[in-house]
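Residue numbers begin at 1 in each chain, while the letters A, B, ... track the order of the sequences.
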Protein chains: 2
Amino acid sequence: MAKKRTAPRTEKGINTRQAIFDTAIALFAKRGYDKVTIDDICDKVGVTKGAFYNYFESKDQIILEEFMRMDDHYVKVAHDIADLKSSAEKLRVFNREAVKLMADLGVTMMKVVYHSQIAPNMRRPYLMDGRRSLYKITNELIKEGQEKGEIRDDIASEEMAVMLINCFRGQIYHWCLANGSFDLVGTCDTLFDLIMDRLTPR
Amino acid sequence: MAKKRTAPRTEKGINTRQAIFDTAIALFAKRGYDKVTIDDICDKVGVTKGAFYNYFESKDQIILEEFMRMDDHYVKVAHDIADLKSSAEKLRVFNREAVKLMADLGVTMMKVVYHSQIAPNMRRPYLMDGRRSLYKITNELIKEGQEKGEIRDDIASEEMAVMLINCFRGQIYHWCLANGSFDLVGTCDTLFDLIMDRLTPR
DNA sequence: CCATATAACATACCCAAGTATGATACCAAG
DNA sequence: CTTGGTATCATACTTGGGTATGTTATATGG
């Protein structure tokens, strides 16, 4: 068991995989994720399910792959804010930009991500993978702030990072439930102010 | 369209509905939600799918119905803490007990709830229904605190309640992803302290 | 007391995700 | 050059949630 879904080796394979991915993303954007079947995608590409499942382990894996590219953006943002004065301010801006990225991805995609990640058969969810840049950067910013005395250090930076991220994830989850009917970035800004003032030592 | 799924009218109907519900809960507990098919449930009860879908609109509706009973507990908790001195303290205890209730429900059930509520075809998710006792009580406690000057009032109580609940929901979501492998109540306690100190006016 | 509506199911079916398996083509080693 | 392994797909199937529709029993109003 445990299918071997390796990356494509041949030129043809690479093209096929990419075609499936691109077509899927395009169809999702046009008709909505749940209105597109895997057969729809395969028909348009000109292959069959056999090809699809040779490269992707499920339908939502396509969305997740798109979502995973977010990590590159996080790194970029982290680089852009490197010259800000205070660590607390870095954290604020980083968080704001991260939330903006989610908002830009859109409700539909975020729904699929949050839906599939908590599915019963999910083994090791990507969302809580500690190797993600989101966690690493948040952790480093907090640790940096703690060392500079800008952020209280009675809680481990790792623990604080996870807690903080979870808070915002809760807002995004709610934003998905509400079909994006409120200003996510504004809400998260407000929340950040609320929490951040207390993260700093008295 | 829009099937009429009304409550049972006859004695027989009431019994059947209850038998389906009880059997489903029992099977879920024994074999796990995703290892139990609707046909399994019906077989054990001795009815067919027709009966099932006459009373429930989906499989996870069973879990949700169990989850909805939580509202009664919220009310009970709210009653129990009525004689606490400060509103902030009431809020703290209420929150703590609410999180405990979730932890008691268990990872499996909470997973199903959070999974199904964000499903693509979900219209009006119960989780964000403003009529839930969770929202009403949290809102009232905050408003009470604001009036007594214990909680800052530069943010509307309704908005603050939703934000607060979402923060904890994020922790619970993460707890589900982690398959309950950390102390949810402890984490939420820590988080509450973090946020709450800042909710109070300077 | 009879007509009619509808609750309470059963039967048969659809749909789409995912699987099992098989065919072909290609590459690499002997 | 040939043989074996494997990447790349196609075909056919399974599975399970959900639907459409039909049949029967029962409650209710005239």
Do any side-chain nitrogens or oxygens of Thr16(B) fall under 4.0 Å of OP1 or OP2 in dC9(C)? yes

Test: Lys136(A) cationic atom under 6.0 Å from Tyr74(A) six-membered ring centre, within 45° of axis: no

Does Val36(B) reach a base, just sugar-phosphate, or nothing at all? Heavy atoms under 4.0 Å. sugar-phosphate

Given atom NE2 of His115(B) and atom P of dG17(D), what is their separation to the nearest angstrom? 12 Å

Taking the nucleotide of DNA chain C with the nearest heavy atom to each, does Ile38(A) or Gly50(A) sit closer to the 5' end? Ile38(A)

Presence of Tyr53(B) side-chain N/O under 4.0 Å of dT19(D) phosphate oxygens OP1/OP2: no

Could you state the CD1-P distance from Ile14(B) to dA27(D), rounded to the nearest angstrom? 12 Å

Please state how far atom CD1 in Ile20(A) lies from atom P in dT8(D), giving the value in whole angstrom units. 11 Å

Determine: side-chain N/O of Thr48(A) to OP1/OP2 of dA10(D), distance under 4.0 Å, yes or no. yes

Phe52(A) CZ to dA16(C) C1', straight-line distance once rounded to whole Å: 12 Å

Answer yes or no for Lys59(A) and Tyr33(A): cation-pi contact, defined as NZ/CZ to six-membered ring centre under 6.0 Å and angle to ring axis within 45°. yes

Within this structure, what is the NZ-to-C1' distance between Lys49(A) and dA16(C), rounded to whole angstrom? 7 Å

Measure the acute angle between the ring planes of His115(A) and His115(B), then classify it against the limits of 30° and 60° as parallel, tilted or perpendicular. parallel

In Å, rounded to the nearest 0.5 Å, how long is the span from CG of Asn139(A) to CD1 of Ile142(A)? 6.5 Å

May I ask you to verify if any side-chain N or O of Tyr55(B) is less than 4.0 angstrom from the OP1 or OP2 atom of dC9(C)? yes

Run the side-chain hydrogen bond (donor to acceptor under 3.5 Å, both in side chains) test against Asp80(B) and tell me which residues pass, sequence neighbours left out. none

dT15(D) P sits how many Å from Lys35(B) NZ, rounded? 13 Å

With respect to the side chain of Val47(B), which nucleotide from dC9(D), dA10(C), dG18(D) is positioned closest? dA10(C)

Return the value, rounded to whole Å, for the distance between atom CZ of Arg31(B) and atom C1' of dG16(D). 14 Å

Residue Asn54(B), side-chain atoms from C-beta onward, closest of dA17(C), dC9(C), dC9(D): dC9(C)

Rounding to an integer number of Å, can you tell me how far Asp43(B) CG sits from dC9(C) P? 16 Å

For Ala51(A) and for Asp39(B), find the nucleotide of DNA chain D with the closest heavy atom, then tell me which residue's nucleotide is more 5'. Ala51(A)

